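Working notes for the structure below.
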Amino acid sequence: MTKNKESSHLGWNFDNSYARLPEFFYSKQSPAPVASPQLVLLNHSLAVQLGLNIEELTGEKGAEIFAGNQLPEGAFPLAQAYAGHQYGHFTMLGDGRAVLLGEQVTPQGERFDIQLKGSGRTPYSRGGDGRAVLGPMLREYIISEAMSALGIPTTRSLAVVTTGENVLRTSFLPGAILTRVARSHLRVGTFQYAAQWGSPEDLQTLADYTIRRHYPEVEADDNKYLALLKEVIKKQAELIAKWQLVGFVHGVMNTDNMTISGETIDYGPCAFMDTYDPKTVFSSIDRYGRYAYKNQPPIAQWNLARFAETLLPLISNDKEEAIYLAEEALADFMDLYHSKWLTGMRRKLGTFNEEKEDEALINQLLELMSKNKADYTNTFRALTLDEGDKTDLFKEEEFRQWHQAWQARLNRQSETKALSQKLMKESNPAIIPRNHRVEEALEAAEKQGDYTPLERLNAVLNKPYGYSPEQEEYALPPEARGCPYITFCGT
Ligand code: AMP
Ligand code: MG
């Protein structure tokens with residue numbers, strides 16, 4: 001590939017494999033220039049991983065590029081087409097306020113989509129303005145980076161710029177653009193779009209592309225499309241187990257918000273639970289709790305069934321057989337999920353071996369947490385630090401009994417208590433992005449232009465298993481509030 005001097009100087013090394021798909025899959029679309037871009041956040045470690053030159057991208061140059069005012073050499077900006085089930089209803093969607101600049105191939109040879117979110121209208125914008133506002137883009141930056149540090153597959157956040165333009169929501173708010181980085185933006189909804197409106201060749205082209213990009217190991221399989229389905233089911237089962245283990249509520253698990261790569265995507269109404277309650281919902285529009293914490297595994301399975309449906313013609317020419325094979329694969333989801341969850345929970349309780357009664361022990365703890373409205377993260381934190389007696393839960397006789405049973409369980413394994421505690425420290429985050437701390441950081445940034453609280457928060461969230469003294473204040477749960485914490489979509 002030929003590169004001009006400036007581009008190699010900045011570190012861009014674009015390839016545009018998605019743009020080589022049939023035009024059915026996208027619309028060429030340049031980002032709409034903005035009035036007065038300012039770079040407010042640049043993710044240095046991610047930039048380095050991507051092979052980008054931080055010095056050159058800090059300041060004005062970075063602002064111009066991450067605002068979409070200047071295209072990096074080699075970019076081929078486009079808006080991706082996709083469909084999706086939103087709250088169970090199928091509809092045409094597509095990037096209504098995002099453009100894919102291209103795929104950055106890193107010095108290690110990895111490939112990442114570089115996408116600008118909030119970059120103006122596209123053919124898929126419907127009634128929307130194509131724009132994003134500062135608060136939610138900063139929030140996505142904080143939470144996606146916290147998820148990554150927690151070891152959870154996720155899209156990443158490379159930069160946030162303010163646009164110098166106001167965007168009308170319930171009032172005028174400062175506009176912003178987030179640079180999102182992903183292994184790809186292929187979604188269940190991309191396959192739904194191809195299955196619904198594409199030719200059989202389009203669908204196969206998409207499936208082959210996906211296999212080459214994400215699951216090359218299935219290429220040689222006798223039925224590679226069935227193998228693709230099974231791999232995606234496995235990846236999603238692992239992902240959802242990780243969400244459950246840290247108390248993450250995604251909030252809008254529509255099929256367009258489920259990636260084929262198994263990365264968490266779309267940080268709109270998501271939030272972490274404070275008090276343990278399986279029915280937890282944060283999203284203002286999720287009135288019936290479709291996407292509540294406890295529903296995340298069955299909803300993931302439902303979404304995967306929609307994915308499976310799109311693959312049926314590729315799995316077998318015999319429709320009956322295709323359905324049988326797909327259903328068999330889907331039926332494995334809950335077992336895969338459950339086994340990942342159980343392994344994770346065993347680690348959270350410091351156990352190395354397996355006992356049949358472990359699951360009952362775990363469920364008893366969860367029930368006690370629920371009954372006593374205990375903080376999810378801090379209960380495990382207290383158990384890790386052996387500070388159970390500092391918690392309200394410990395005052396409960398039932399919990400003390402549980403604690404004895406747990407101690408007896410630990411005594412039955414050969415590993416030392418010290419090893420057990422080490423495992424617990426690696427498995428139980430000392431801190432999560434607490435909603436009240438996130439809000440506080442956003443308020444300082446939005447209202448005073450003061451990014452210090454946000455940068456401090458990002459720094460501590462970067463080492464969630466650190467158990468360092470400066471994290472302690474971030475571990476505190478919120479003061480009891482009069483109303484529940486509420487989140488919003490698409491802002
Ligand atoms: P989301 O809720 O973020 O998954 O978005 C659902 C759909 O709405 C996607 O097709 C988005 O691209 C589109 N969308 C969200 N916000 C806007 C906006 N401000 N302008 C245009 N399209 C939007
Ligand atoms: Mg979305």
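What you see below is based on every heavy atom in this structure, not just the backbone, and it leaves out hydrogens, waters and symmetry mates. Note that the structure is a prediction, hence the values are computed from the model and not measured. Count residues from 1 along the sequence. Ligands are counted one by one from 1 in listed order, and the atoms in each one are counted from 1 as well.
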Is there at least one pair of N or O atoms, one from [X] and one from ligand 1, spaced under 3.5 Å apart?
X	answer
Asp95	no
Leu93	no
Tyr124	no
Cys489	no
Arg126	yes

Scan side-chain atoms only and decide if [X] and [Y] contain a donor-acceptor pair under the 3.5 Å cut-off.
X	Y	answer
Asp202	Ser199	yes
Tyr225	Asp208	yes
Tyr267	Thr155	no
Asn43	Glu145	yes
His85	Gln192	yes
Asp450	Thr452	yes

- Item | Partner residues of Arg111 under the side-chain hydrogen bond (donor to acceptor under 3.5 Å, both in side chains) criterion, sequence neighbours left out |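 side-chain hydrogen bond (donor to acceptor under 3.5 Å, both in side chains) list for Arg111, sorted by chain: Asp15, Glu103.
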Tell me, yes or no, whether the heavy-atom count around [X] atom [atom1], taken from other residues, nucleotides or ligands under 6.0 Å, exceeds 12.
X	atom1	result
Glu446	CD	yes
Gln448	CD	yes
Arg287	CZ	no

Run the numbers for me: atoms of ligand 1, each under 4.0 Å from some heavy atom of [X], listed by number.
X	value
Arg169	19 (N)
Asn257	4 (O)
Gly128	20 (N), 21 (C)
Asp256	4 (O)
Gln86	6 (C)
Arg131	19 (N)

- Parallel, tilted or perpendicular: which fits the ring planes of Phe191 and Phe307, with parallel below 30° and perpendicular above 60°?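 Judged by the thresholds at 30° and 60°, the geometry between Phe191 and Phe307 is perpendicular.
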Mode of [X] contact toward ligand 1 - side chain, backbone, both, neither (heavy atoms, under 4.0 Å):
X	answer
Arg187	neither
Val252	neither
Asp266	side chain

- Query: Does ligand 1 have any atom sitting under 4.0 Å from a heavy atom of Gly130?
  - Reply: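 The answer is yes, since Gly130 has a heavy atom less than 4.0 Å from ligand 1.
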- Query: Does any non-hydrogen side-chain atom of Arg169 lie less than 4.5 Å from one of Asp129?
  - Reply: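 In contact.
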- Task: Taking the six-membered ring for Trp and the full ring for Phe, Tyr or His, determine whether the centres of Tyr291 and Trp243 are under 6.0 Å apart.
- Result: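 So the answer is no for these two rings.
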- Query: Centroid-to-centroid, Tyr193 to Phe24, below 6.0 Å?
  - Reply: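 Yes, close enough.
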- Using heavy-atom distances, let me know which of Gly251, Gly96, Ala83, Gly94 sits nearest atom 21 (C) of ligand 1.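 When every heavy atom of Gly251, Gly96, Ala83, Gly94 is considered, Gly96 comes closest to atom 21 (C) of ligand 1.
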- Task: Sum up the protein N, O or S atoms located under 2.8 Å from the Mg ion (ligand 2).
- Result: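 Considering protein N, O and S only, the Mg ion (ligand 2) has 2 within range.
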